[in-house]
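Please read the structure below before turning to the comments.
Since we're looking at a predicted model, the values are computed, not measured.
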Amino acid sequence: VMIVPAGWYGFADDEWMNEMRSWTADGGRIVAIEGALRLFTNEGDWGLKRFDDTEQAQSTNAQMAMERKQNQNAPFAERERHYAKRIGSGSVYGIDLDTSHPLAWGYRNEPYYTLRSNSQRYAALDGGWTVGRYGPDPQPTSGFVGSEANRDLAGSMTFGVQPVGSGHLVILADNPLFRGFWENGKRLFDNAVFMPLD
């Protein structure tokens, strides 16, 4: 098992990624957490995408470009207000878990409370299992969420397992061990490392 924590991986060139893919395809397991998922998004055959389709990607990017342009003309005194619209990190959401999957072993068929620790969204997997996902109208249970922060979350993946040859890429978009105090995710992380995923 290779655990890839959140971070910046500037050294991860094509050769390194190809070696990682070969190792995984030969039966290895990668557990990628939060920001580390950038390594695997739209890269080769890992199967991880940010958006459901091209139309959604174009629509989201166009909306963000329009908002940036509007903010260029905003007064300096409103800069913090505009920044706050995009804040969603640190908020808690109840998400749906597929408790029939080994990654969710031991959880009850009720909402799993995840601490949203970044602003990225990921599409449900086509060739793998989307084990945890936001519902059709995600609303925070706790924490501050700006008006623009969660508009793309509906139906997006939080946890998933993507087969890669004989191995697996385990996707933990929210950190289940955030700063060592998020108790709800410890079993999920244990499952990601130790449970047979087939």
### Message
Let me confirm one number: the CD-CD distance from Glu15 to Glu19, rounded to the nearest 0.5 Å.
### Response
5.0 Å
### Query
Quick check: does any side chain N or O of Arg29 sit under 3.5 Å from a backbone N or O of Gly167, one acting as donor and the other as acceptor?
no
### Message
Looking at His101 and Leu103, would you say the former's side chain and the latter's main chain have a donor-acceptor pair under 3.5 Å?
### Response
yes
### Message
Using side-chain heavy atoms (C-beta onward) and a distance below 4.5 Å, is Ile171 in contact with Trp46?
### Response
no
### Task
Could you check if a side-chain atom of Leu172 sits within less than 4.5 angstrom of a side-chain atom of Glu34, using non-hydrogen atoms only?
no
#### Entry: Lys/Arg cation over aromatic Trp8: Arg38, 6.0 Å, 45° cone
yes
#### Entry: Under 3.5 Å: donor-acceptor pair, side chain of Arg133, backbone of Ala124
no
### Query
So, Thr114 versus Asp174: side-chain donor-acceptor pair below 3.5 Å or not?
yes
### Query
Can you name the residues that form a salt bridge (charged side-chain N to carboxylate O under 4.0 Å, His left out) with Asp13, not counting sequence neighbours?
none
### Message
Does any part of the side chain of Asp98, heavy atoms only, come nearer than 4.5 Å to the side chain of Thr130, both counted from C-beta?
### Response
no
### Message
Tell me if the aromatic rings of Tyr112 and Tyr107 count as close, with their centers under 6.0 Å from one another.
### Response
yes
### Task
For residues Lys186 and Leu177, determine if any side-chain heavy atom of one lies less than 4.5 Å from a side-chain heavy atom of the other.
yes
### Message
Are there over 12 heavy-atom neighbours, none belonging to Trp129, within less than 6.0 Å of that residue's CH2?
### Response
no
